[in-house]
Amino acid sequence: MKRIGVLTSGGDSPGMNAAIRAVVRGGLYNKMEIYGIKRGYEGLISGDIDEMQISSVSDIIQRGGTVLRTARSERFQTPEGFKRALDMIENFEIEGLVVIGGDGSLRGGLDLTKAGVPVMGLPGTIDNDLAYTDFTIGFDTSVNTALSAIGNIRDTSSSHGRATVVEVMGRNCGDIALYAGLSGGAETILIPEVPVDINAVCRKLIQGRNRGKLHSIIIRAEGVAMSSADLADMIEERTGMETKVVVLGYIQRGGSPTARDRLMASRMGYRAVELLLADSGSRAIGIRGSEIVDYDLEEALKMKRPHDESIIDLAEILS
Ligand code: F6P
(Lines give C-alpha, C1' and ligand atoms only; values in the text may rest on other atoms or scores of the structure.)
Protein backbone atom coordinates (compact mmCIF):
# COMPACT_ATOMS: atom_id res chain seq x y z
CA MET A 1 0.00 0.00 0.00
CA LYS A 2 1.48 3.33 -1.07
CA ARG A 3 -1.12 6.10 -0.74
CA ILE A 4 -3.02 6.54 2.48
CA GLY A 5 -5.36 9.16 3.92
CA VAL A 6 -5.74 10.36 7.50
CA LEU A 7 -8.64 12.21 9.08
CA THR A 8 -9.90 13.24 12.51
CA SER A 9 -13.63 13.17 13.16
CA GLY A 10 -16.20 13.92 15.89
CA GLY A 11 -15.25 15.77 19.10
CA ASP A 12 -11.56 16.68 19.08
CA SER A 13 -9.34 15.25 21.79
CA PRO A 14 -5.87 16.14 23.07
CA GLY A 15 -3.35 13.82 21.44
CA MET A 16 -5.02 13.71 18.03
CA ASN A 17 -2.14 15.81 16.67
CA ALA A 18 0.42 13.38 18.05
CA ALA A 19 -1.45 10.58 16.27
CA ILE A 20 -1.56 12.50 12.96
CA ARG A 21 2.16 13.22 13.28
CA ALA A 22 2.93 9.54 13.83
CA VAL A 23 0.85 8.49 10.81
CA VAL A 24 2.44 11.11 8.55
CA ARG A 25 6.04 10.65 9.67
CA GLY A 26 5.70 6.87 10.05
CA GLY A 27 4.18 6.62 6.58
CA LEU A 28 6.83 8.83 4.97
CA TYR A 29 9.57 6.84 6.69
CA ASN A 30 8.10 3.77 4.97
CA LYS A 31 8.00 5.53 1.58
CA MET A 32 4.24 6.06 1.53
CA GLU A 33 2.33 9.11 0.30
CA ILE A 34 0.09 10.59 2.98
CA TYR A 35 -3.04 12.64 2.32
CA GLY A 36 -4.51 14.79 5.07
CA ILE A 37 -8.29 15.03 4.88
CA LYS A 38 -9.72 18.18 6.50
CA ARG A 39 -12.82 18.33 8.74
CA GLY A 40 -13.31 14.57 8.95
CA TYR A 41 -15.82 12.96 6.61
CA GLU A 42 -17.00 16.42 5.52
CA GLY A 43 -13.64 17.09 3.90
CA LEU A 44 -13.64 13.63 2.37
CA ILE A 45 -16.97 14.38 0.70
CA SER A 46 -15.87 17.80 -0.58
CA GLY A 47 -12.36 16.73 -1.59
CA ASP A 48 -10.64 18.99 0.96
CA ILE A 49 -7.54 16.81 0.80
CA ASP A 50 -3.83 17.74 0.67
CA GLU A 51 -0.66 15.75 0.49
CA MET A 52 1.32 15.98 3.73
CA GLN A 53 5.06 16.24 4.24
CA ILE A 54 7.32 15.95 7.28
CA SER A 55 7.01 19.71 7.80
CA SER A 56 3.17 19.53 7.75
CA VAL A 57 3.31 18.01 11.22
CA SER A 58 6.19 20.03 12.70
CA ASP A 59 5.57 21.59 16.08
CA ILE A 60 2.18 19.94 16.67
CA ILE A 61 2.86 17.08 19.12
CA GLN A 62 2.30 19.43 22.08
CA ARG A 63 -0.86 21.06 20.72
CA GLY A 64 -4.42 20.21 21.73
CA GLY A 65 -7.23 20.05 19.15
CA THR A 66 -6.49 18.74 15.66
CA VAL A 67 -4.59 20.49 12.86
CA LEU A 68 -6.72 18.56 10.36
CA ARG A 69 -9.78 20.08 12.04
CA THR A 70 -12.89 18.00 12.65
CA ALA A 71 -16.65 17.80 12.11
CA ARG A 72 -19.66 15.69 12.88
CA SER A 73 -20.73 15.05 9.30
CA GLU A 74 -24.42 14.55 8.70
CA ARG A 75 -23.90 14.37 4.94
CA PHE A 76 -21.74 11.28 5.36
CA GLN A 77 -24.83 9.50 6.79
CA THR A 78 -26.76 10.07 3.55
CA PRO A 79 -26.41 7.72 0.53
CA GLU A 80 -25.36 10.68 -1.69
CA GLY A 81 -22.74 11.91 0.78
CA PHE A 82 -21.38 8.42 1.32
CA LYS A 83 -21.14 7.83 -2.43
CA ARG A 84 -19.26 11.11 -2.91
CA ALA A 85 -16.84 10.11 -0.14
CA LEU A 86 -16.14 6.84 -1.95
CA ASP A 87 -15.68 8.72 -5.25
CA MET A 88 -13.11 11.01 -3.61
CA ILE A 89 -11.20 8.03 -2.25
CA GLU A 90 -11.09 6.69 -5.80
CA ASN A 91 -10.19 10.07 -7.37
CA PHE A 92 -7.28 10.56 -5.00
CA GLU A 93 -6.31 6.89 -5.40
CA ILE A 94 -6.30 6.48 -1.64
CA GLU A 95 -5.71 2.81 -0.83
CA GLY A 96 -6.26 2.91 2.91
CA LEU A 97 -7.53 5.33 5.54
CA VAL A 98 -6.64 6.14 9.13
CA VAL A 99 -9.67 7.41 11.05
CA ILE A 100 -8.99 9.04 14.43
CA GLY A 101 -12.15 9.56 16.44
CA GLY A 102 -14.74 8.13 18.80
CA ASP A 103 -17.41 5.47 18.41
CA GLY A 104 -19.45 7.25 15.70
CA SER A 105 -16.33 8.06 13.67
CA LEU A 106 -15.07 4.49 13.80
CA ARG A 107 -18.53 3.27 12.77
CA GLY A 108 -18.23 5.57 9.75
CA GLY A 109 -14.93 3.81 9.05
CA LEU A 110 -16.71 0.48 9.27
CA ASP A 111 -19.19 1.61 6.60
CA LEU A 112 -16.26 2.44 4.33
CA THR A 113 -14.73 -0.96 5.10
CA LYS A 114 -17.94 -2.63 3.95
CA ALA A 115 -17.61 -0.68 0.71
CA GLY A 116 -14.11 -2.10 0.25
CA VAL A 117 -11.83 0.53 1.82
CA PRO A 118 -9.29 -0.70 4.40
CA VAL A 119 -9.60 1.47 7.53
CA MET A 120 -7.45 1.72 10.64
CA GLY A 121 -9.43 3.11 13.57
CA LEU A 122 -7.64 5.02 16.33
CA PRO A 123 -9.64 5.79 19.49
CA GLY A 124 -9.60 9.60 19.64
CA THR A 125 -12.08 10.79 22.25
CA ILE A 126 -11.93 12.14 25.78
CA ASP A 127 -14.90 9.94 26.76
CA ASN A 128 -13.03 6.60 27.18
CA ASP A 129 -16.18 4.87 25.98
CA LEU A 130 -14.71 2.35 23.52
CA ALA A 131 -14.81 -1.13 25.00
CA TYR A 132 -12.00 -2.62 22.92
CA THR A 133 -9.32 -0.41 24.47
CA ASP A 134 -8.43 0.32 28.10
CA PHE A 135 -7.84 3.98 27.25
CA THR A 136 -8.68 6.40 24.47
CA ILE A 137 -6.47 9.23 23.20
CA GLY A 138 -7.31 12.40 25.15
CA PHE A 139 -8.87 10.78 28.19
CA ASP A 140 -5.81 11.17 30.41
CA THR A 141 -5.43 14.85 29.52
CA SER A 142 -9.07 15.54 30.16
CA VAL A 143 -8.96 13.78 33.55
CA ASN A 144 -5.94 15.87 34.52
CA THR A 145 -7.65 19.08 33.39
CA ALA A 146 -10.74 18.19 35.40
CA LEU A 147 -8.54 17.34 38.37
CA SER A 148 -6.84 20.71 38.30
CA ALA A 149 -10.26 22.42 38.12
CA ILE A 150 -11.53 20.35 41.06
CA GLY A 151 -8.51 21.52 43.09
CA ASN A 152 -9.37 25.17 42.42
CA ILE A 153 -13.04 24.62 43.18
CA ARG A 154 -12.16 22.86 46.43
CA ASP A 155 -10.22 25.94 47.63
CA THR A 156 -13.11 28.30 47.19
CA SER A 157 -15.67 25.71 48.28
CA SER A 158 -13.79 25.23 51.59
CA SER A 159 -13.44 28.96 52.16
CA HIS A 160 -17.19 29.44 51.90
CA GLY A 161 -18.26 26.10 53.39
CA ARG A 162 -20.24 25.29 50.28
CA ALA A 163 -21.08 22.16 48.37
CA THR A 164 -20.29 22.17 44.65
CA VAL A 165 -21.64 19.95 41.90
CA VAL A 166 -18.91 19.70 39.26
CA GLU A 167 -20.24 18.48 35.92
CA VAL A 168 -17.78 16.70 33.66
CA MET A 169 -18.14 15.38 30.10
CA GLY A 170 -18.13 11.77 28.93
CA ARG A 171 -21.44 11.36 27.10
CA ASN A 172 -22.87 8.08 28.46
CA CYS A 173 -19.65 6.95 30.07
CA GLY A 174 -18.69 7.82 33.66
CA ASP A 175 -14.93 7.31 33.34
CA ILE A 176 -13.87 10.98 33.40
CA ALA A 177 -16.01 11.45 36.52
CA LEU A 178 -14.64 8.30 38.16
CA TYR A 179 -10.96 8.93 37.50
CA ALA A 180 -11.06 12.68 38.23
CA GLY A 181 -13.35 12.12 41.22
CA LEU A 182 -11.21 9.45 42.82
CA SER A 183 -7.94 11.27 42.24
CA GLY A 184 -9.48 14.59 43.30
CA GLY A 185 -10.87 13.18 46.56
CA ALA A 186 -14.49 13.98 45.69
CA GLU A 187 -17.10 13.13 48.34
CA THR A 188 -19.52 11.71 45.80
CA ILE A 189 -19.16 10.56 42.19
CA LEU A 190 -22.28 10.18 40.09
CA ILE A 191 -22.03 8.27 36.80
CA PRO A 192 -24.65 7.28 34.22
CA GLU A 193 -24.00 3.58 34.79
CA VAL A 194 -25.31 3.73 38.38
CA PRO A 195 -28.70 5.21 39.38
CA VAL A 196 -28.56 8.28 41.64
CA ASP A 197 -29.50 7.64 45.28
CA ILE A 198 -30.22 11.20 46.43
CA ASN A 199 -30.72 10.08 50.06
CA ALA A 200 -27.26 8.54 50.12
CA VAL A 201 -25.74 11.66 48.55
CA CYS A 202 -27.32 13.94 51.16
CA ARG A 203 -26.58 11.59 54.07
CA LYS A 204 -22.90 11.62 53.15
CA LEU A 205 -22.79 15.40 52.91
CA ILE A 206 -24.43 15.79 56.32
CA GLN A 207 -22.08 13.23 57.89
CA GLY A 208 -19.11 15.11 56.39
CA ARG A 209 -20.38 18.42 57.73
CA ASN A 210 -20.86 16.87 61.19
CA ARG A 211 -17.24 15.70 61.10
CA GLY A 212 -16.21 19.31 60.46
CA LYS A 213 -15.63 19.04 56.73
CA LEU A 214 -15.54 22.47 55.11
CA HIS A 215 -16.16 21.57 51.49
CA SER A 216 -18.11 18.98 49.57
CA ILE A 217 -17.38 18.16 45.97
CA ILE A 218 -19.92 16.12 44.04
CA ILE A 219 -18.71 15.03 40.60
CA ARG A 220 -21.55 14.44 38.18
CA ALA A 221 -20.93 12.92 34.75
CA GLU A 222 -23.01 14.71 32.11
CA GLY A 223 -24.86 11.49 31.20
CA VAL A 224 -26.45 11.12 34.65
CA ALA A 225 -30.23 11.29 34.38
CA MET A 226 -30.73 13.94 37.10
CA SER A 227 -29.47 17.35 35.88
CA SER A 228 -26.79 19.24 37.80
CA ALA A 229 -29.24 22.05 38.56
CA ASP A 230 -31.86 19.64 39.97
CA LEU A 231 -29.23 17.86 41.97
CA ALA A 232 -27.95 21.11 43.51
CA ASP A 233 -31.52 22.22 44.33
CA MET A 234 -32.29 18.92 46.04
CA ILE A 235 -29.06 18.96 48.05
CA GLU A 236 -29.68 22.53 49.18
CA GLU A 237 -33.27 21.75 50.11
CA ARG A 238 -32.49 18.57 52.02
CA THR A 239 -29.21 19.51 53.74
CA GLY A 240 -29.47 23.27 54.03
CA MET A 241 -25.98 23.56 52.48
CA GLU A 242 -25.46 26.27 49.91
CA THR A 243 -24.75 24.36 46.69
CA LYS A 244 -23.17 25.71 43.50
CA VAL A 245 -22.90 24.14 40.05
CA VAL A 246 -19.77 24.29 37.87
CA VAL A 247 -19.96 22.86 34.34
CA LEU A 248 -16.41 22.25 33.10
CA GLY A 249 -17.52 21.85 29.47
CA TYR A 250 -15.02 22.32 26.67
CA ILE A 251 -12.23 23.33 29.06
CA GLN A 252 -11.65 19.61 29.59
CA ARG A 253 -11.53 18.87 25.85
CA GLY A 254 -8.77 21.32 24.93
CA GLY A 255 -5.24 21.84 26.16
CA SER A 256 -1.81 20.37 25.64
CA PRO A 257 -1.88 16.56 25.81
CA THR A 258 -0.20 14.75 28.70
CA ALA A 259 2.90 12.64 28.07
CA ARG A 260 0.73 9.56 28.40
CA ASP A 261 -1.65 10.68 25.64
CA ARG A 262 1.19 11.77 23.34
CA LEU A 263 3.01 8.49 23.80
CA MET A 264 -0.06 6.34 23.31
CA ALA A 265 -1.16 8.34 20.24
CA SER A 266 2.32 8.08 18.70
CA ARG A 267 2.46 4.32 19.26
CA MET A 268 -1.05 3.78 17.91
CA GLY A 269 -0.44 6.01 14.88
CA TYR A 270 2.66 4.08 13.92
CA ARG A 271 0.86 0.74 14.43
CA ALA A 272 -1.76 1.94 11.94
CA VAL A 273 0.97 2.52 9.34
CA GLU A 274 2.49 -0.90 9.99
CA LEU A 275 -0.88 -2.61 9.61
CA LEU A 276 -1.66 -0.76 6.38
CA LEU A 277 1.75 -1.71 5.00
CA ALA A 278 1.02 -5.34 5.84
CA ASP A 279 -2.42 -5.18 4.11
CA SER A 280 -4.10 -6.31 7.32
CA GLY A 281 -7.68 -5.38 6.37
CA SER A 282 -9.53 -3.03 8.73
CA ARG A 283 -8.40 -2.92 12.33
CA ALA A 284 -9.20 -0.99 15.50
CA ILE A 285 -6.07 -0.05 17.40
CA GLY A 286 -6.10 0.23 21.17
CA ILE A 287 -4.14 -0.43 24.33
CA ARG A 288 -4.44 -3.29 26.83
CA GLY A 289 -2.24 -2.84 29.87
CA SER A 290 0.87 -1.35 28.33
CA GLU A 291 0.59 -3.23 25.03
CA ILE A 292 -0.67 -1.66 21.80
CA VAL A 293 -3.22 -4.10 20.39
CA ASP A 294 -5.42 -4.33 17.31
CA TYR A 295 -8.69 -6.10 16.59
CA ASP A 296 -10.90 -6.58 13.58
CA LEU A 297 -12.75 -3.24 13.31
CA GLU A 298 -16.24 -4.73 13.27
CA GLU A 299 -15.54 -7.07 16.19
CA ALA A 300 -13.97 -4.25 18.21
CA LEU A 301 -17.07 -2.08 17.83
CA LYS A 302 -19.31 -4.90 19.06
CA MET A 303 -17.42 -5.28 22.34
CA LYS A 304 -19.09 -4.28 25.60
CA ARG A 305 -17.30 -3.06 28.68
CA PRO A 306 -18.87 -2.87 32.12
CA HIS A 307 -17.81 0.12 34.23
CA ASP A 308 -15.10 -0.54 36.78
CA GLU A 309 -16.97 -1.24 40.04
CA SER A 310 -13.69 -1.38 41.95
CA ILE A 311 -13.00 2.32 41.29
CA ILE A 312 -16.48 3.29 42.51
CA ASP A 313 -16.05 1.14 45.61
CA LEU A 314 -12.62 2.59 46.31
CA ALA A 315 -13.82 6.16 45.86
CA GLU A 316 -16.62 5.39 48.30
CA ILE A 317 -14.28 3.86 50.90
CA LEU A 318 -11.76 6.68 50.70
CA SER A 319 -14.12 9.66 50.66
O1 F6P B 1 -17.47 12.95 22.62
C2 F6P B 1 -16.74 14.00 23.17
C3 F6P B 1 -17.66 15.01 23.79
O4 F6P B 1 -16.87 16.05 24.31
C5 F6P B 1 -18.63 14.47 24.83
O6 F6P B 1 -18.01 14.30 26.08
C7 F6P B 1 -19.69 15.52 24.81
O8 F6P B 1 -20.94 14.99 25.23
C9 F6P B 1 -19.76 15.90 23.35
O10 F6P B 1 -18.52 15.56 22.80
C11 F6P B 1 -20.03 17.36 23.08
O12 F6P B 1 -20.16 17.51 21.71
P13 F6P B 1 -20.17 18.88 20.91
O14 F6P B 1 -18.76 19.23 20.59
O15 F6P B 1 -20.92 18.58 19.67
O16 F6P B 1 -20.80 19.89 21.80
Side-chain angles (χ1 to χ4, degrees), residues 7-20 38-43 63-77 99-110 121-150 165-181 184 189-194 219-229 231 245-258 260-261 264-265 268 284 286 300-301 303 305 307-308:
L7 62 81
T8 50
S9 161
D12 60 299
S13 69
M16 279 183 161
N17 282 328
I20 297 167
K38 308 276 170 56
R39 294 175 296 112
Y41 295 115
E42 271 303 296
R63 284 162 60 186
T66 159
V67 291
L68 287 177
R69 306 190 52 220
T70 187
R72 300 189 195 280
S73 176
E74 284 177 17
R75 280 202 296 167
F76 187 67
Q77 316 292 332
V99 172
I100 309 167
D103 185 70
S105 306
L106 299 198
R107 284 186 196 282
L110 183 59
L122 260 66
T125 167
I126 62 167
D127 297 341
N128 211 39
D129 58 351
L130 287 160
Y132 80 85
T133 181
D134 289 348
F135 295 107
T136 56
I137 298 166
F139 172 69
D140 187 60
T141 307
S142 117
V143 167
N144 278 288
T145 305
L147 189 58
S148 141
I150 292 167
V165 175
V166 182
E167 180 180 315
V168 297
M169 280 185 166
R171 212 176 278 276
N172 297 315
C173 177
D175 280 16
I176 297 178
L178 273 182
Y179 279 69
I189 303 169
L190 302 173
I191 59 172
E193 296 88 339
V194 177
I219 308 290
R220 173 189 169 271
E222 65 178 354
V224 166
M226 187 184 293
S227 75
S228 295
L231 188 62
V245 173
V246 178
V247 180
L248 295 187
Y250 298 112
I251 287 169
Q252 73 211 283
R253 211 163 77 182
S256 183
T258 57
R260 194 181 170 128
D261 275 330
M264 199 170 72
M268 289 180 178
L301 293 175
M303 292 181 193
R305 182 184 54 161
H307 63 275
D308 192 343

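Whatever order the structure lists them in is the order used to number ligands and atoms, beginning at 1. Keep in mind that this is a model prediction, so the values were computed, not measured.
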**Q** Any side-chain to backbone donor/acceptor pair from N17 onto V67? Under 3.5 Å, distance only.
**A**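 It does hold such a pair.
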**Q** Can you list the residues that meet the salt bridge (Lys or Arg N to Asp or Glu O under 4.0 Å) rule with D140, with sequence neighbours excluded?
**A**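 Salt bridge (Lys or Arg N to Asp or Glu O under 4.0 Å) list for D140, sorted by chain: empty.
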**Q** Classify the ring geometry of Y41 against F76: parallel below 30°, tilted from 30° to 60°, perpendicular beyond 60°.
**A**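 Rings of Y41 and F76: parallel, as their planes differ by under 30°.
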**Q** Which atoms of ligand 1 have any heavy atom of Y250 under 4.0 Å away?
**A**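 Ligand 1 atoms under the 4.0 Å threshold to Y250: 13 (P), 14 (O), 16 (O).
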**Q** Give the atom numbers and elements of ligand 1 that come within less than 4.0 Å of a heavy atom of E222.
**A**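 What qualifies from ligand 1 is 5 (C), 6 (O), 7 (C), 8 (O).
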**Q** Give me the residue, atom name and distance of the protein heavy atom closest to atom 3 (C) of ligand 1.
**A**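 Going atom by atom, the protein heavy atom closest to atom 3 (C) of ligand 1 ends up being R253 NH1, 3.5 Å.
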**Q** Please state which protein non-hydrogen atom is closest to atom 9 (C) of ligand 1 and give its distance, to 0.1 Å?
**A**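 Answer, as residue, atom name and distance: R171 NH2, 3.5 Å.
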**Q** What residue and atom, counting heavy atoms only, is the protein's closest point to atom 1 (O) of ligand 1, and at what distance?
**A**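 In this structure, atom 1 (O) of ligand 1 has D127 OD2, 2.7 Å as its nearest protein heavy atom.
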**Q** Please write down residue, atom name and distance for the protein heavy atom closest to atom 12 (O) of ligand 1.
**A**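 Answer for atom 12 (O) of ligand 1: R72 NH2, 2.9 Å.
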**Q** Any atoms of ligand 1 less than 4.0 Å from a non-hydrogen atom of M169? List them with their elements.
**A**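 Listed by number with element, the hits are 4 (O), 6 (O).
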**Q** To the nearest 0.5 Å, what is the distance between CD1 on I176 and CE on M169?
**A**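 Rounded to the nearest 0.5 Å, the CD1-CE separation comes to 8.0 Å.
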**Q** First locate atom CG of L130, then atom OG1 of T125, and finally report the distance between them rounded to the nearest 0.5 Å.
**A**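 L130 CG to T125 OG1: 7.0 Å, rounded to 0.5 Å.
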**Q** Any nitrogen or oxygen of G170, main chain or side chain, under 3.5 Å from a nitrogen or oxygen of ligand 1?
**A**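 Yes, G170 has an N/O under 3.5 Å of an N/O on ligand 1.
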**Q** When you look at N128 and R305, which way does the side-chain contact (heavy atoms from CB on, under 4.5 Å) test go after all the steps?
**A** CA-CA 11 Å; N128 211 39; R305 182 184 54 161; 3.8 Å; yes
